[in-house]
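Side-chain atoms are counted along with the backbone in the values below, which use heavy atoms only and exclude waters and symmetry mates. Proteins come first, then strands; the chains are lettered A, B, ... in the order of their sequence lines, and each starts at number 1. Keep in mind the model is a prediction, meaning the values are calculated, not measured.
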Protein chains: 4
Amino acid sequence: MDKKEQIIEVATKLFAKKGFENTSISEVCETAGVSKGLIFHHFKSKNGLLREIFSRTTNDIKKNNLTHKAENPYQILSLLLNSFFEQLKKDSTFLQLNVSVISQPTTREIVKDLIDERAALIFESTKKIFNEIDPINSTIRSYMFIAELDGIALNYLSIFNDFPIEEIKSELIKKYIQQ
Amino acid sequence: MDKKEQIIEVATKLFAKKGFENTSISEVCETAGVSKGLIFHHFKSKNGLLREIFSRTTNDIKKNNLTHKAENPYQILSLLLNSFFEQLKKDSTFLQLNVSVISQPTTREIVKDLIDERAALIFESTKKIFNEIDPINSTIRSYMFIAELDGIALNYLSIFNDFPIEEIKSELIKKYIQQ
Amino acid sequence: MDKKEQIIEVATKLFAKKGFENTSISEVCETAGVSKGLIFHHFKSKNGLLREIFSRTTNDIKKNNLTHKAENPYQILSLLLNSFFEQLKKDSTFLQLNVSVISQPTTREIVKDLIDERAALIFESTKKIFNEIDPINSTIRSYMFIAELDGIALNYLSIFNDFPIEEIKSELIKKYIQQ
Amino acid sequence: MDKKEQIIEVATKLFAKKGFENTSISEVCETAGVSKGLIFHHFKSKNGLLREIFSRTTNDIKKNNLTHKAENPYQILSLLLNSFFEQLKKDSTFLQLNVSVISQPTTREIVKDLIDERAALIFESTKKIFNEIDPINSTIRSYMFIAELDGIALNYLSIFNDFPIEEIKSELIKKYIQQ
DNA sequence: TATGAATGAGAATTCATTCAT
DNA sequence: GATGAATGAATTCTCATTCAT
């Protein structure tokens with residue numbers, strides 16, 4: 001069993017549940033059943049561990065992007081929306097980790113470059129879709145599409161206890177796919 | 001000048017710039033030129049200080065809401081969008097504080113009830129507007145409107161360095177006000 | 001009883017006996033009967049504590065210098081040599097602390113400016129003496145006199161177990177005072 | 001190139017530049033391009049590495065002593081002083097390592113026996129010289145000669161930034177060789 | 001209302017050393 | 001001879017909080 005992977009797995013869960021700043025290395029160690037020193041051996045620092053986790057998520061996004069080479073932009077949008085809402089329900093704490101890391105000044109600074117990389121990646125792949133639907137306004141529509149999804153995530157995860165996620169999903173599908 | 005107000009002012013700025021968890025009481029004291037004891041005298045705890053700051057923002061929103069008793073829902077939307085984008089540009093760090101407090105599990109817990117209160121407030125005043133525009137779908141449209149703005153704030157403040165805020169604003173005005 | 005003074009007293013003894021790098025803050029605290037936090041409250045860091053101790057010694061030297069306003073340079077030299085050998089025998093560990101702080105790269109860096117200040121102080125007061133004895137060569141004779149005493153201290157404290165300190169003292173008195 | 005030699009070379013430089021206590025085995029490994037395990041394989045412990053370095057210097061001194069079998073004690077003194085001042089200028093950090101190891105309680109303890117051995121060696125070879133110059137006072141003159149040189153080294157290396165090393169050298173030559 | 005000395009629990013990090021390979 | 005994952009004890013330092021004044 002790979003201890004490095006185990007640390008990453010445990011840390012991801014704890015960071016997601018309690019926030020990065022409020023999860024101590026000690027807690028990660030105890031939960032993962034490894035010594036404190038090992039974390040610093042593998043990741044150099046707590047920040048290094050966060051970076052590793054953050055960049056792995058980006059890599060997952062990359063892989064996902066490569067997967068759907070559907071012919072139809074509407075098909076891609078459909079897949080994308082479905083997987084987005086799926087993750088929102090299943091992986092909620094994990095998504096929350098990403099939002100909180102990005103929005104908190106200190107953690108933001110730690111993964112600054114990785115945020116830029118990921119943002120560019122998401123923007124490009126979104127724009128590729130809208131280029132086929134509405135080439136003239138594809139830039140602005142991409143930004144708005146991304147913002148809309150992020151806003152939905154933020155409100156669902158952190159603001160409203162009774163956010164009508166299913167209806168919102170229907171609405172979005174209506175708006176973007178069925179004209 | 002009132003020392004209590006001074007503490008709140010300084011703490012707001014520091015929490016916004018460095019995050020709540022990464023700002024120590026000591027730093028607030030030194031910057032505000034008061035003693036440590038005084039903060040605990042006035043706010044009972046560091047969490048108490050955060051709650052005071054957070055609820056003051058809610059009060060500001062309340063006051064703002066009372067102000068615009070325009071006849072026309074489109075006029076209200078227009079005012080609302082304008083002040084939103086205005087604040088986004090002028091008060092960016094302050095808005096970021098609100099997002100980060102809300103999205104981080106630990107701080108979220110501290111102001112849980114205040115978030116609920118504020119969310120209800122914002123939802124109600126938004127719904128009042130959409131009730132006049134599209135009564136049947138007013139609930140879903142309110143949620144989507146709020147999510148859209150939050151998403152724009154998040155992307156502008158924390159994700160894209162070159163987010164086309166002016167074009168997004170035009171687009172929203174086009175979408176919500178000029179049909 | 002002043003806890004700050006107590007910390008300084010205990011730390012001086014421990015640093016002298018075990019060396020700065022090998023004395024932990026915990027040990028200082030336990031011995032002094034204060035909490036860990038208090039050291040950082042008063043001295044900001046372990047390095048700050050060392051600086052405080054080092055500069056106090058310089059202050060002692062300053063005070064000592066002001067004292068002997070003997071008319072005769074040979075009288076001053078005599079007093080000086082006597083107190084030097086006296087300290088060498090009584091305060092040996094304390095002198096060793098000074099030598100080790102000065103000669104170790106890391107600790108040296110910490111008190112760099114204080115070493116410079118002290119060196120200038122000692123050189124000036126030595127030169128004042130030799131100016132009256134041999135004005136033309138006073139500079140070089142001052143440097144040699146200081147080096148000689150330091151070398152004796154180093155050899156007595158750290159190198160030879162059977163360094164003939166009394167005979168060395170007689171020899172120096174013969175050399176510098178009785179022509 | 002022999003990895004063991006490489007380790008010694010790198011460690012000597014690092015210990016000299018940063019002090020023994022402030023140089024970690026990890027740093028030695030990285031700089032030398034070897035694994036951690038290898039150091040413990042060759043030297044048993046970090047202390048063992050220091051002892052190896054320290055005793056090699058003693059060996060160098062031994063070899064040097066064997067070399068000059070001049071007939072004239074003044075010739076030997078001359079050679080000795082020249083090589084001393086030469087080393088002071090060229091090998092300053094290395095000499096500083098020796099002084100700092102000797103004067104710091106912890107490191108002193110580690111090489112205690114080696115210091116004694118080296119001190120005896122230096123004393124004996126110095127006394128052999130003074131035996132020919134002034135047999136009656138040779139002991140005390142040897143101690144003073146050694147102390148004088150050590151004091152000069154200490155002051156030049158660690159105390160005065162503008163120590164007049166050249167003039168001091170001339171003075172010593174005048175004092176010990178030209179009457 | 002206001003101060004700041006004092007606390008103590010807990011944080012991240014370092015580091016010599018071991019050992020299976 | 002050579003590697004590097006793994007350990008665990010120790011280290012410096014931070015920080016919210018209390019309390020006598």
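The interatomic distance linking C:F20 (CZ) with F:dT11 (C1') rounds to 12 Å, in whole Å. For the pair C:N22 CG and F:dA9 C1', the computed distance is 15 Å after rounding to whole Å. Nucleotide E:dA5 holds its P atom 11 Å from the CD1 atom of C:I7, rounded to whole Å. Counting to the nearest Å, the P atom of E:dT18 and the CZ atom of D:F43 are 16 Å from each other. The distance between atom NZ of D:K36 and atom C1' of E:dA20, rounded to the nearest whole Å, is 16 Å. In this entry the distance linking CG of C:L49 with P of F:dT11 reads 15 Å, nearest Å. With rounding to whole Å, A:L50 atom CG is found 15 Å from E:dA12 atom C1'. Atom CD1 of A:I25 is separated from atom P of E:dA12 by 6 Å (rounded to the nearest Å).
C:S26 comes within 4.0 angstrom of a nucleotide base, judged by non-hydrogen atoms across all strands.
When the nearest nucleotides of DNA chain E are assigned to C:H42 and A:E21 by heavy-atom distance, the more 5′-ward of the two goes with C:H42. Heavy-atom distances to DNA chain F give each of D:G37 and A:S35 a nearest nucleotide, and the one nearer the 5′ end belongs to D:G37. Along DNA chain F, the nucleotide nearest to A:V34 and the one nearest to B:F40 differ in position, and the one closer to the 5' end is contacted by A:V34.
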Side chain to side chain contact (heavy atoms under 4.5 Å, CB included) between A:I25 and A:C29, intermediate numbers included
CA-CA 6 Å; A:I25 289 287; A:C29 293; 4.0 Å; yes
Run the salt bridge (Lys or Arg N to Asp or Glu O under 4.0 Å) check on A:R118 and A:D113 step by step: do they pass?
CA-CA 9 Å; A:R118 191 195 287 183; A:D113 54 326; over 6 Å; no
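Nearest nucleotide to the D:H41 side chain, out of F:dG1, F:dA2, E:dA5: F:dG1. Nearest nucleotide to the side chain of A:S24, out of E:dC15, E:dA11, F:dA2: E:dA11. Out of E:dA16, E:dT7, F:dT7, the shortest distance to the side chain of A:L38 is found at F:dT7.
Within the 4.0 Å cut-off from OP1 or OP2 of F:dC13, not a single side-chain nitrogen or oxygen of C:K44 is found. One finds no side-chain N or O of C:K4 lying less than 4.0 angstrom from the OP1 or OP2 phosphate oxygen of E:dG4. Here D:K46 does not reach the OP1 or OP2 of E:dT14: none of its side-chain N or O atoms lies under 4.0 Å away.
The cationic group of C:K17 does not satisfy the cation-pi geometry with C:F94, failing either the under 6.0 Å distance to the six-membered ring centre or the 45° limit from the ring axis.
In this structure, E:dT21 and F:dA2 make a Watson-Crick or G-U wobble pair, each of the two defining distances being under 3.5 angstrom.
Atom CG of B:N59 is separated from atom CZ of B:F54 by 11.5 Å, given to the nearest 0.5 angstrom.
Put simply, the residue from A:E52, A:H42, A:K13, A:K3 that forms a side chain to side chain contact (heavy atoms under 4.5 Å, CB included) with A:I8 is A:E52.
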